[in-house]
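Here is the structure we will look at, set down as structure tokens.
Throughout, protein chains are lettered first and strands after them, A, B, ... in sequence-line order, and every chain is numbered starting at 1.
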Protein chains: 2
Amino acid sequence: MALNEAASKPIAVCSAVDLVAVLAAVTGGQPRVMTIRDGAALPSGPFELDDRSLQSGLRAWVERQTGHPLGYVEQLYTFADRDRAAEGSARRVISISYLGLTREESAKGAGNAGWRNWYDYFPWEDRRSGPPAFLEKAIVSRLRGWAKAADDAAKRRERAERLAISFGLDDSPWNEELILQRYELIYEAGLVEEAVRNGDRDTPAAIPGRPMLADHRRILATGIARLRAKIKYRPVVFELMPPTFTLLQLQRAVEALAGLLVHKPNFRRLIEQHDLVEDTGTTASDTPGRPAKLYRFRRAVLAERAVAGTKLPLTRS
Amino acid sequence: MALNEAASKPIAVCSAVDLVAVLAAVTGGQPRVMTIRDGAALPSGPFELDDRSLQSGLRAWVERQTGHPLGYVEQLYTFADRDRAAEGSARRVISISYLGLTREESAKGAGNAGWRNWYDYFPWEDRRSGPPAFLEKAIVSRLRGWAKAADDAAKRRERAERLAISFGLDDSPWNEELILQRYELIYEAGLVEEAVRNGDRDTPAAIPGRPMLADHRRILATGIARLRAKIKYRPVVFELMPPTFTLLQLQRAVEALAGLLVHKPNFRRLIEQHDLVEDTGTTASDTPGRPAKLYRFRRAVLAERAVAGTKLPLTRS
DNA sequence: TGGCATATACTCATAGAGAGTATAATTATG
DNA sequence: CATAATTATACTCTCTATGAGTATATGCCA
């Protein structure tokens, strides 16, 4: 790495650049992600020089694939660590990843492309019916062992602390946004197949959760983390909803993304007091129980409230 | 862009990859950014294949340059739009940008590298003494003209709305985080030298604010925006502070970053009730007025509160 | 000694979030 | 047909955080 002032024009060092998409949807109260290769990889491909921009190319591709406009795209992260490169490749690949939100509906999933429940890859992240039964035995206890196995005391303490914070042990609360930290911990401890295949150690029994090729599962974790954070301060859930929906459907979508249950009365109050939706006048008929009003997203809020608000105690005038 | 499932190993399409750093500090109540080429560019250089990771290389480089550990590094964005490429180059360059926080102190700024007040590049972003005098005449009125000059009515409305939101006109409040949107607007309107040089139109008098080479000013705006957002929910200001400081110095640093004044009593209450600092027992002597207590950052908060909190109305148990 | 400048400590009102309860309108079931 | 089950919707109560402003302490300097 140079970063020196002499060379402003980059020397012709050349890297392969790969685009990777985390494409999310919610269907039937379950979070879904678009995959290829029978669920073993995220959609990806080489970055070609004739695209106008990274985003526009991704958008076009997704719209072709799903037959549906891609409501929201944002760049996630650019990965280039050599120690996480695709299996055995000497060459370094730079992966620029994107998060896209859409609806599953008309998914024409050509070939073996298709939507998967993303908790297939991270079963421990779904706590809608409480912490999964296998969590303590299959994951936490083994991570505790890994933490204790560190060389020196300082490292042991550090690992134990990371473990407690990531998984909400001791007094820490569970924080659904820390999905990437949890995955990294499990990876470092050598408990996922990806780490094993990369030769970090002999094969211990991998923990529950489907692996992916290369570092795609890490990229997926990054995307889920971003989405879980974003639903809290930006009205992005609506990109995943059908044109009209009931408040319970909306709540179920949020719960699917967060992997947690929310308090119904307070959730409704939140939605209403922020004026995020408007009544359509119709009611849903095919649901059990009392029929619910159908709402639609008030798209005007996107313009009105360009971004959340301040947390700084500003002065007037 | 392919993203197709057949090609998972990227074809050997090759791009030049460039690293760019937005390195920030606060000195004497002013926000500073590390530059090279007499302030015309951000530190940058080709990405070399032997770095262990992008971040580690950046970190090493900065520590060599400033003689100071780099407290905080995060990836900003990866730029690759062809229409913003370096002047006249046919070749596409991918720029991976990073935000780093440090202290200016022992800046050994070799050669013509050095720290600059970042408001040299964005004078309209400093509102600590109110909106700058030139804002209305040199910027806003010209942007209004640009908005009115659009082809069709829809586009005119859209431009007027973007203008109002970005610059806090009409009823919108000023939002200091929208620095990138403001720069993009000015750029699109052809009012910055960078846009002029790229040949968008004949040279109108550029507005106040120093230009930079290529798209470095855009990258700087991205960095400032990220920092302005982050100080609100993460204790990152402290990376910019000396080991001990008074609460007023801390406040001045926040104000320098945000370009806005904060309410002193409430600011202190915020810091105290979040337990962000601890008393050192000493007081500052060289300041005017009543001597203030010196505090230090309670680094433990980094571990305790890994991340802010929830905005979702969760259910118990 | 009397400003002047800063530090530090309170007060008061209000908005928002957490938690829980009560009632209404359907369909399914015995 | 009555009743249970299920979902919808409307309130209540409490507490904390935030916005805004005021009052008092402690130094230096002319």
B/Arg127 NZ/CZ over B/Trp174 ring centroid, <6.0 Å and within 45° of normal | yes
Separation of D/dT9 C1' from A/Asp279 CG (nearest whole Å) | 12 Å
Which whole-number value in Å describes the distance from B/His263 NE2 to D/dG21 P?
-> 7 Å
Is any side-chain heavy atom of A/Phe167 closer than 4.5 Å to a side-chain heavy atom of A/Leu185?
-> yes
Calculate the interatomic distance between B/Arg269 atom CZ and D/dA20 atom P; express it in whole Å.
-> 11 Å
D/dA8 P sits how many Å from A/Ile271 CD1, rounded?
-> 14 Å
Presence of B/Gln273 side-chain N/O under 4.0 Å of D/dT16 phosphate oxygens OP1/OP2 = no
Could you list by number each residue of residues 251-262 of chain B showing a heavy-atom separation from DNA chain C of less than 4.0 Å, or answer none if no residue does?
-> none
Kindly indicate whether the side chain of A/Gln249, heavy atoms from C-beta on, has any atom under 4.5 Å from the side chain of A/Met241.
-> yes
Option from A/Arg210, A/Gln30, A/Arg32 for which side chain to side chain donor-acceptor pair (under 3.5 Å) with A/Asn117 holds | A/Gln30
Hey, is A/Glu176 close enough to A/Lys232 for a salt bridge, meaning N to O under 4.0 Å?
-> yes
Atom-pair distance (CG on B/Leu270; C1' on D/dA17), nearest Å = 9 Å
Any chance CG of B/Asp279 has more than 12 other-residue heavy atoms, nucleotides or ligands included, within less than 6.0 Å?
-> yes
In whole angstroms, the gap separating C1' of D/dG19 from CZ of B/Phe267 amounts to 16 Å
Can you tell if the side chain of A/Arg218 reaches within under 4.5 Å of the side chain of A/Leu180, non-hydrogen atoms only?
-> yes
Of all residues at least two apart in sequence or in a different chain, which pass the side-chain contact (heavy atoms from CB on, under 4.5 Å) check with A/Glu239?
-> A/Tyr72, A/Leu101, A/Arg299
Return the value, rounded to whole Å, for the distance between atom NE2 of B/His274 and atom C1' of D/dT18.
-> 10 Å
At a cut-off of 3.5 Å, list every protein nitrogen or oxygen paired with a nitrogen or oxygen from nucleotides 5-9 of chain C, distance to 0.1 Å.
{"residue": "C/dA7", "atom": "OP2", "partner": "B/Lys264", "partner atom": "NZ", "Å": "3.1"}
{"residue": "C/dA7", "atom": "N3", "partner": "B/Arg290", "partner atom": "NH1", "Å": "3.2"}
{"residue": "C/dT8", "atom": "OP1", "partner": "B/Lys293", "partner atom": "N", "Å": "3.2"}
{"residue": "C/dT8", "atom": "OP2", "partner": "B/Arg268", "partner atom": "NH2", "Å": "2.7"}

